[in-house]
Amino acid sequence: MVSKMRGGNRKVKSPTPIRQRQKKKTSRNGSNVINVLLPMVFILLGAFGVWQCMDNDAGSPLDPLARKTRNVDVGENKEADPTLVNESELLELENMGKPNAEVKEDIIVGEPTEDRTIAEAGEELEVDTDAELEKHFPLHAVAYHFHTQIMEKPETDARVLAYARRGSTFRVSERVSKKGCAKGWHQIYGGGYICDGKGVNVAKEPITFEPSPPAPTLNASMPYEYKYVKRNGVAEFWKLPNAEEVARAESVFTAIDRVKSASEPVSNDAAEEVSVPAGDDSAHDDDGLARVLENAQRTAADADSDSAADNDKGRIVNTAAVVANIETTPAPPSGIATNSATETEEPIAEVNDENSVAPTELPPYVHLKMAKGYFVSVNKTVQGEGVTYQQTVRGRYIKADELYPAKPSEFEGVLLNDRVTLPIAFVVNGGTRMLKRQGVDGPLKNGDRVERYDHYSVRGTISRGSRDYVEVGSGLFLAKRAVGIASLVAPPENVGETERWIDVNLTEQTLVAYEGATPVFATLISSGRKDFETPVGEFRIYNKHVTITMDDPDGGEEAYSIEDVPWTQYFEEGYALHAAFWHDRFGRVRSHGCVNLSPADARRLFFWTGPHVNDGVHGVIATTENPGTRVVIHM
């Protein structure tokens with residue numbers, strides 16, 4: 001980079017930004033297991049709080065005590081999920097051979113997921129083909145609950161270790177016990193147990209389940225494709241709607257907006273308030289949601305009966321056979337008309353029937369009245385009655401022309417080594433210029449512009465008046481206010497020699513990953529803004545999710561909804577480290593309290609930290625044997 005200085009024609013070469021060098025390694029260096037007792041305390045997540053990053057993914061499948069939301073577990077083998085299948089019919093459809101192993105007293109010990117170095121964590125994942133895998137885990141399993149729980153022991157009342165999403169496949173052992181499980185318990189490769197026939201099926205050959213949500217792309221920074229709406233009042237449907245249902249939804253939305261507008265005071269003068277009925281919030285209808293949830297729970301409760309309506313028949317499929325091309329049309333809550341040729345439920349009342357639904361009550365086939373800025377994870381494009389829709393990963397439908405693609409940040413932090421060391425200054429302001437000092441104590445003159453997210457080794461700092469500057473080359477400086485500096489800090493007490501831990505500096509908006517006292521990775525973050533501050537203290541990651549939905553649709557002006565937030569790691573109640581693909585302002589406060597990372601950085605840390613996530617698992621809970629990484633947050 002060449003800079004032409006004022007007051008003369010002399011050209012000064014600016015320092016070249018440090019560029020991250022990644023060389024894929026062929027060997028793995030396993031680190032010592034953290035020898036720290038980590039008591040697991042499952043937090044009862046409260047009602048939606050706009051000041052926290054709250055999840056809304058099946059009532060947190062990791063914790064039976066978690067708050068109940070749209071998609072919740074309502075009992076053994078049941079879940080309020082719009083794509084729930086009739087499990088009794090599923091078992092009849094199953095034609096795969098079952099292992100005839102005798103009940104074993106000794107439980108096979110599975111091998112834990114091998115630690116990845118910080119460099120390897122950012123690379124493609126490798127598939128283990130070890131001969132020991134075939135020997136000890138010869139069978140195949142597929143999950144058919146949207147969230148299939150994996151237990152710590154082969155017992156029905158054991159602690160939940162992790163969960164897999166519908167369609168996930170994994171290797172399992174021969175049957176190890178039949179205690180409380182008619183078809184038998186099997187151990188999963190990497191740890192944990194599943195009960196054959198309780199949300200998962202086991203077979204001798206590879207099997208899949210159709211229909212299932214698309215599997216996340218683990219080898220990319222973005223596990224799904226994401227889109228968002230640019231205006232308020234976009235309908236998200238439980239099912240593919242017909243033209244009459246679309247018109248009805250739009251008329252209800254108009255009525256909701258009219259009621260809300262009438263409720264807003266015209267001036268600051270004392271005036272009679274207009275009462276707004278419950279559920280008439282323009283961003284979300286509580287009453288409609290409550291009714292949908294109630295109906296969904298009823299659907300789930302009836303799932304095991306022969307008379308249960310099942311508009312989305314599931315099948316166990318041998319991957320060696322031809323898989324029929326089944327359209328994935330999620331079954332809405334009971335009482336909703338569908339487009340299925342085998343429709344057996346009562347149709348929706350006519351649009352003009354005033355007794356069908358209240359003027360401002362969401363129709364039961366509408367999942368949500370979306371607000372501007374709501375994000376969804378997208379599965380595929382489908383055709384309705386003259387209208388093109390996008391089906392979401394969760395099986396709901398939105399008009400395609402209402403959705404716009406997310407543009408995630410391409411920023412990545414820097415791997416640290418003997419050549420690239422702390423402190424490092426990341427440029428966070430656009431339009432920042434390199435400054436050249438004239439002489440030893442001369443004035444600082446403007447040079448060329450530097451790029452946002454460029455990073456430089458810090459040699460020192462100087463002050464001029466009330467302003468501070470960091471030296472990044474011989475006589476070359478950047479304004480301190482334009483950078484975030486990642487600095488070396490001492491490890492907390494009791495940190496092991498190679499223990500992995502994370503340091504988050506809220507003042508600098510930086511994060512540094514350490515192994516013992518050695519920093520291995522540095523990057524920028526975005527933490528909680530004013531009134532939504534990120535908590536300060538020492539924490540441990542207590543559960544992790546490949547993706548999980550975060551929202552607060554009842555937050556008024558602060559309402560938000562983001563499906564399948566990637567690489568989420570909770571460290572304190574509803575606060576988490578996670579990818580933020582909806583902005584590109586890292587190095588500045590931004591969030592509702594969580595620690596935002598670029599997608600690439602979030603993925604790297606996700607596969608580097610504990611608890612480790614095994615193949616086929618979507619979320620995992622920290623345990624003493626699989627502990628969570630320490631997170632230190634300070635000003």
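Side-chain atoms of Phe606 and Val546, non-hydrogen and from C-beta on, do get closer than 4.5 Å to each other. Using a 4.5 Å heavy-atom cutoff, the side chains of Asp552 and His592 are not in contact. The shortest side-chain heavy-atom distance between His583 and Ser526 falls under the 4.5 Å cut-off. Annotation: side chain of Asp551 is not in contact with side chain of Tyr374 (no heavy-atom distance under 4.5 Å). At least one side-chain heavy atom of Val393 sits less than 4.5 Å from a side-chain heavy atom of Pro214. The shortest distance between side-chain heavy atoms of Tyr224 and Glu563 does not fall below 4.5 Å. Side-chain contact between Pro241 and Arg248: absent, with no pair of heavy atoms (C-beta onward) separated by less than 4.5 Å. At least one side-chain heavy atom of Ile541 sits less than 4.5 Å from a side-chain heavy atom of Pro611.
Distance alone, capped at 3.5 Å, places no donor-acceptor pair between the Tyr453 side chain and the Leu524 backbone. Checked by atom type and distance alone, the side chain of Asn505 pairs as donor or acceptor with a backbone atom of Glu508 at under 3.5 Å. The main-chain N or O of Glu451 is found under 3.5 Å from a side-chain atom of Asp454 such that the two form a donor-acceptor pair. When atom types are taken as modelled, the side chain of Glu385 and the backbone of Ala243 share a donor-acceptor pair closer than 3.5 angstrom. Counting only distance, with no hydrogens or angles, the side chain of Arg603 and the backbone of Leu218 share a donor-acceptor pair below 3.5 Å. In this structure a side-chain-to-backbone donor-acceptor pair under 3.5 Å is present from Glu533 to Asp531. With hydrogens and angles disregarded, no donor-acceptor distance shorter than 3.5 Å links the side chain of Arg604 to the backbone of Ala121. Formation of a donor-acceptor pair under 3.5 Å by the Ser409 side chain with backbone atoms of Ser598 is not found in this model.
Summarising the geometry, atom CD belonging to Glu245 is positioned 9.5 Å from atom CG belonging to Leu240; distances are rounded to the nearest 0.5 Å. Summarising the geometry, atom OG1 belonging to Thr388 is positioned 14.0 Å from atom CD1 belonging to Ile398; distances are rounded to the nearest 0.5 Å. A distance of 10.5 Å separates NE2 of His545 from CZ of Arg165, quoted to the nearest 0.5 Å. Rounding to the nearest 0.5 angstrom, the gap separating the OH atom in Tyr575 from the CD atom in Glu573 is 7.5 Å. The CD1 atom of Ile525 sits 6.5 Å away from atom OG1 of Thr534, with the distance rounded to the nearest 0.5 Å. Atom NZ in Lys544 sits 13.5 Å away from atom CD1 in Ile621 (nearest 0.5 Å).
Using bins of under 30°, 30° to 60° and over 60° for the plane-to-plane angle, the ring pair Tyr570/Tyr542 lands in the tilted bin. The aromatic rings of His367 and Trp238 lie perpendicular to each other, with more than 60° between the two planes, well past the 30° mark. Relative orientation of the Phe426 and Phe411 rings is perpendicular, given thresholds of 30° and 60° on the angle between their planes. A perpendicular orientation is assigned to the rings of Tyr389 and Phe237, their planes being inclined by more than 60° (bins at 30° and 60°).
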Open item on the list: Is there a ring pair (Phe, Tyr, Trp, His ring centres under 6.0 Å) between Phe375 and Phe581? Walk through the geometry before answering.
Closed with: CA-CA 10 Å; Phe375 285 83; Phe581 57 80; 5.3 Å; yes

- [ ] Applying side chain to side chain contact (heavy atoms under 4.5 Å, CB included), run through Gln390 and Val376 and close with a yes or a no.
- [x] CA-CA 10 Å; Gln390 291 270 272; Val376 293; over 6 Å; no

Open item on the list: One pair to check against side chain to side chain contact (heavy atoms under 4.5 Å, CB included): Arg590 and Arg529. What are the steps and the verdict?
Closed with: CA-CA 5 Å; Arg590 173 90 182 200; Arg529 54 190 170 85; 5.9 Å; no

Open item on the list: side chain to side chain contact (heavy atoms under 4.5 Å, CB included), that's the test. Do Phe253 and Val366 meet it? Break it down for me.
Closed with: CA-CA 11 Å; Phe253 287 4; Val366 175; 4.1 Å; yes

Task: side chain to side chain donor-acceptor pair (under 3.5 Å) between Tyr163 and Asn543, intermediate numbers included - done: CA-CA 11 Å; Tyr163 70 97; Asn543 65 45; over 6 Å; no

- [ ] Please assess Phe209 against Val200 for the test side chain to side chain contact (heavy atoms under 4.5 Å, CB included), listing each intermediate value before the final yes or no.
- [x] CA-CA 10 Å; Phe209 178 79; Val200 63; over 6 Å; no

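Judged as a side-chain contact (heavy atoms from CB on, under 4.5 Å), and not counting sequence neighbours, the contacts of Arg258 are Thr254, Ala255. In this structure, Arg481 has no side chain to side chain donor-acceptor pair (under 3.5 Å) partners at least two apart in sequence or on a different chain.
The salt bridge (Lys or Arg N to Asp or Glu O under 4.0 Å) analysis of residues 225-238, with sequence neighbours excluded, yields the pairs Glu225-Lys227, Arg231-Glu402, Glu236-Arg396.
Residues Leu605 and Ala513 share a closest heavy-atom pair of CD2-CB, 4.2 Å. Scanning both residues, His578 and Val565, for their nearest heavy atoms gives ND1-CG1, 3.5 Å. The shortest heavy-atom contact between Gly167 and Ser212 is CA-OG, 3.3 Å. Nearest heavy-atom pair across Gly616 and Phe170 is O-CD2, 4.0 Å. For the pair Pro566 and Tyr226, the tightest heavy-atom approach, listed with the atom from each and the gap, is CG-OH, 3.5 Å. In terms of heavy atoms, Gly574 sits closest to Cys594 at O-SG, 3.8 Å.
Between the side chains of Asp564 and Thr547, a donor-acceptor pair is found at a separation under 3.5 Å. Side-chain polar atoms of Tyr397 and Gln391 form a donor-acceptor pair below 3.5 angstrom. In this model, a donor atom of one side chain and an acceptor atom of the other lie less than 3.5 Å apart for Gln509 and Ser527. With hydrogens and angles left out, the side-chain atoms of Asn242 and Tyr365 include no donor and acceptor closer than 3.5 Å.
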